[in-house]
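Scroll down for the structure; my scribbles are underneath it.
Because the structure is predicted, anything quoted here is derived from the model rather than measured. Below, each value reflects all heavy atoms present in this structure, side chains not excepted, and no hydrogens, waters or symmetry copies.
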Amino acid sequence: MYTHHQITKKLTQITHYSQTSIFLICIFSLFLGACESNLEATKEAKKTNIIFIFTDDHAFQALSAYKHELASYAPTPNLDRIALQGMRFDKCYVTNSICAPSRATVLTGVHSHVNGHRTNNDTFNGSQVTFPKLLQENGYTTALIGKWHLKSEPTGFDHWEILPGQGHYYNPTFIIPGDTLIEPGYVTDIITDKSLDWIKAQRESDKPFMLMLQHKAPHREWEKGPDHLTLYEDVVFPEPANLFDDYSTRGTAAREQDMTIEKTMQLASDLKIWTEESKKSGSYNRTYGRMNEAQKAAWDAVYDPIIADFQKQNLSGDELTSWKFQRYLRDYLAVIRSVDDNVGRVLDYLEDSGLDENTLIVYTSDQGFYLGEHGWFDKRFMYEESYRTPLLMQWKGNISPGSVNDDLVSNLDFAQTFLEIADIPAPIVMQGRSLLPLMTGQTPEDWRQYLYYHYYEFPAVHSVQKHEGITNGRYKLIHFYELDEWEFYDLATDPMEMNNTYSDPANVELITSLKDRFRRLKTQYGVIHPGNM
Ligand code: SGN
Ligand code: CA
């Protein structure tokens with residue numbers, strides 16, 4: 001028999017043993033837990049990082065990987081590195097060729113009529129599902145640096161620093177949560193510095209990351225950076241064959257737009273031929289007027305002789321248009337060269353740090369741009385130069401170096417692509433399709449054969465009529481529905497879209513079947529509007 005004392009001792013011992021074992025078990029499980037969460041963290045950190053480099057108005061004609069004649073005069077060696085180390089997409093199109101709507105589609109993976117962002121005048125509804133939000137909710141750390149243009153505050157980002165509206169090239173203003181600041185320098189350099197800084201030092205390094213690095217460049221008014229002021233000044237660029245297009249076979253929309261180099265492009269704000277009178281304008285204050293004295297001096301050293309020479313020449317008519325074209329391209333392409341240099345800095349850092357081994361790098365633009373084709377600058381129309389957008393992707397070990405894809409792809413597809421790469425199921429509402437199989441060279445048999453397009457911003461700057469359309473990459477049918485005018489092009493025989501053959505009896509059957517496809521596509525995407533056929 002145990003005495004009371006013995007029992008108490010035994011009990012104390014038992015309690016002590018069990019306390020010890022509970023303690024040990026606890027320590028062990030804590031250790032296991034830590035191992036597990038370490039494992040999770042390692043697994044998470046191994047997930048592919050995504051860097052989405054987005055420019056504003058970069059025409060594919062001005063990216064040398066696309067081998068357009070023009071680009072041989074103004075190469076983009078660093079952007080070409082992405083194509084050489086990865087994939088070039090030759091048929092990437094946007095759903096709506098204008099800035100903010102394109103951005104809204106990239107984020108949401110749905111057409112403009114679904115996310116509600118049809119024109120630049122809309123305000124983005126940030127409570128919608130977007131791919132950055134889903135990445136963030138699933139273990140990614142996310143950042144947005146640069147142009148945003150969606151009016152409402154960004155949602156779904158752990159870190160953001162954005163330009164207000166269109167932003168400024170020189171000494172740009174940035175909006176950060178709760179504050180606004182002015183950064184001295186050139187916008188493309190600064191956005192890159194901030195992005196590298198975030199990747200190197202600010203992000204949570206135990207998580208995979210997604211960065212949207214979004215340049216203002218090369219948007220109008222194409223102000224060159226300090227490192228490229230004299231670049232291309234001695235180059236004479238080839239004029240496109242249709243610089244002096246008379247729109248004779250096209251309809252009202254092409255004839256009545258307001259985006260010609262001849263009439264719309266401004267000598268002062270666009271081409272920097274400032275006079276005492278034009279210096280009183282608002283565009284002066286948001287461009288040249290923002291520079292400090294040193295920046296102005298470097299600028300004037302290049303532009304003063306150009307202004308003097310222009311005044312001496314007293315040009316008019318086609319000669320003046322040709323002169324404007326050269327000035328436009330010299331500025332636009334030099335602005336792109338700065339993007340190229342800065343993309344090179346990002347690629348160098350990723351390679352030096354080894355991050356390139358586990359990072360998908362995407363380069364694309366919110367839409368294309370006219371570089372004198374049809375006599376134009378700007379975008380909006382469903383014609384190739386503005387409808388198409390560059391798309392390059394590099395992802396070591398997954399995308400074969402130097403590969404080219406010519407399937408029909410779209411900015412509608414990016415959200416689902418990034419979600420699939422991060423192993424996150426895409427919400428059923430998204431209307432695109434993941435590009436992952438295409439990236440690995442395996443186009444599914446049921447890949448899309450047609451794309452739907454819709455531009456809504458009219459009346460507005462540049463006066464481009466509302467229109468919608470369908471393409472299969474070769475044939476294109478466009479409906480300017482408020483005018484009820486149709487256009488039809490065969491890119492195989494008419495790549496510059498100079499001959500609208502909608503009324504050609506030889507095309508009746510083709511157009512009837514395209515219209516049928518068009519109706520089906522609109523039903524599929526839930527399009528309801530006055531243009532319904
Ligand atoms: C500004 C430009 C236009 C341009 C729109 C939209 N004028 O209004 O040329 O089409 O932005 O551009 S400017 O004199 O202010 O540069 S977008 O890329 O944001 O859609
Ligand atoms: Ca744009």
Side-chain angles (χ1 to χ4, degrees), residues 36-54 86-87 89 92 95 102-111 114-115 117 124-145 148 150 154-160 198-199 203-214 350 355-364 391 393-399 409-440 442-444 446-448 525:
E36 228 167 71
S37 67
N38 266 347
L39 250 171
E40 272 309 304
T42 323
K43 232 168 73 191
E44 286 300 310
K46 280 229 164 76
K47 277 197 169 176
T48 304
N49 306 306
I50 299 166
I51 301 184
F52 180 75
I53 307 176
F54 206 40
M87 181 172 271
F89 289 82
C92 182
T95 55
S102 172
R103 286 155 203 270
T105 288
V106 167
L107 291 168
T108 57
V110 297
H111 279 276
V114 179
N115 63 37
H117 214 113
F124 185 65
N125 169 6
S127 68
Q128 299 182 72
V129 179
T130 63
F131 85 82
K133 277 190 194 172
L134 293 171
L135 290 177
Q136 193 186 38
E137 283 163 16
N138 286 277
Y140 271 71
T141 180
T142 59
L144 159 70
I145 296 171
W148 172 243
L150 295 180
T155 52
F157 298 97
D158 298 312
H159 176 93
W160 55 266
W198 183 77
I199 299 173
R203 71 183 162 94
E204 290 173 78
S205 55
D206 59 340
K207 288 183 171 181
F209 70 85
M210 190 284 293
L211 166 67
M212 300 186 87
L213 190 173
Q214 310 203 144
L350 295 175
L355 273 173
D356 64 325
E357 295 298 334
N358 192 29
T359 301
L360 166 69
I361 304 161
V362 178
Y363 180 82
T364 188
L391 176 62
M393 288 190 190
Q394 172 192 316
W395 188 18
K396 295 220 165 128
N398 295 283
I399 300 179
V409 308
S410 166
N411 59 346
L412 191 64
D413 301 325
F414 298 159
Q416 277 152 280
T417 305
F418 302 150
L419 291 173
E420 186 170 15
I421 281 166
D423 235 346
I424 302 167
I428 194 104
V429 290
M430 289 192 174
Q431 297 180 314
R433 199 161 167 185
S434 167
L435 300 175
L436 190 57
L438 280 59
M439 291 155 67
T440 52
Q442 272 144 24
T443 303
D446 64 346
W447 190 254
R448 71 164 70 86
Y525 290 131

message: In the structure I gave you, are the side-chain heavy atoms of F89 and M87 within less than 4.5 Å of one another anywhere?
response: yes
query: Hey, does the side chain of K133 reach the backbone of Q128 with a donor-acceptor pair shorter than 3.5 angstrom?
result: yes
statement: Nearest heavy-atom approach of G139 to P208 is O-CD, 3.4 Å
- request: Would you check if V114 and T108 make a side-chain contact, meaning some heavy-atom pair closer than 4.5 Å?
  value: no
- prompt: Which heavy-atom pair separates P444 from L438 by the least distance, and what is that distance?
  reply: CD-CD1, 3.7 Å
task: Determine the minimum heavy-atom distance between F418 and L135, stating which atoms define it.
output: O-CD2, 4.3 Å
message: For the backbone of G126 and the side chain of T155, can you confirm whether one donor and one acceptor N or O come within less than 3.5 Å of each other?
response: yes
- prompt: Judged by atom type as modelled, is there a donor-acceptor pair below 3.5 Å linking the side chain of N358 to the main-chain atoms of K47?
  reply: yes
- prompt: Got a second to check how far T359's OG1 is from N49's CG, nearest 0.5 Å?
  reply: 4.0 Å
message: Under a 3.5 Å distance rule, please check whether T142 uses its side chain to pair with a backbone N or O of D158 as donor and acceptor.
response: yes
task: Taking the side chain as every heavy atom from C-beta outward, state whether M212 and W160 have any atom pair closer than 4.5 Å.
output: no
- prompt: Heavy atoms, side chains only, cut-off 4.5 Å: are L391 and F414 in contact?
  reply: yes
message: Do I51 and L350 have side chains that approach each other closer than 4.5 Å (heavy atoms only, starting at C-beta)?
response: yes
- request: Look at the side chain of Q416 and the backbone N and O of A426, then say whether any donor-acceptor pair between them is shorter than 3.5 Å.
  value: no
- prompt: Could you go step by step and tell me if T364 and F54 meet the side-chain contact (heavy atoms from CB on, under 4.5 Å) rule?
  reply: CA-CA 5 Å; T364 188; F54 206 40; 3.6 Å; yes
- request: Kindly assign one of parallel, tilted or perpendicular to the pair F124 and W148, based on the angle between their ring planes and the thresholds 30° and 60°.
  value: perpendicular
Distance, nearest 0.5 Å, that separates CE of M439 from CE of M393: 5.0 Å
- line: OG1 of T130 to CZ of F157, rounded to nearest 0.5 Å, is 6.5 Å
message: Main chain of R203, side chain of T141: is a donor-acceptor contact present, judged purely on distance under 3.5 Å?
response: no
Worked check of side-chain contact (heavy atoms from CB on, under 4.5 Å) between V129 and V429: CA-CA 9 Å; V129 179; V429 290; 5.6 Å; no
message: Among I421, T440, I361, which residue satisfies the side chain to side chain contact (heavy atoms under 4.5 Å, CB included) criterion with W395?
response: I421
query: Less than 4.5 Å apart, any side-chain heavy atom of W447 and any of V409?
result: yes
message: Minimum heavy-atom separation for H117 and A104, please, with both atom names.
response: CB-CB, 3.5 Å
task: Indicate yes or no: at least one non-hydrogen side-chain atom of V106 is less than 4.5 angstrom from one of F131.
output: yes
- prompt: Is the backbone of N411 close enough, under 3.5 Å, to the side chain of D413 for a donor and an acceptor to pair up by distance?
  reply: no
message: Once rounded to the nearest 0.5 Å, what's the spacing between atom CG of N138 and atom CG of L419?
response: 8.5 Å
query: Does P132 reach the side chain of F52, with side-chain heavy atoms less than 4.5 Å apart?
result: no
- line: Rounding to 0.5 Å, atoms CE (M430) and OG1 (T105) come to a distance of 11.0 Å
- prompt: Any idea which heavy atoms bring T48 and L360 closest together, and the distance?
  reply: CG2-N, 3.7 Å
message: Working to the nearest 0.5 angstrom, can you tell me the gap between I424 CD1 and E137 CD?
response: 9.0 Å
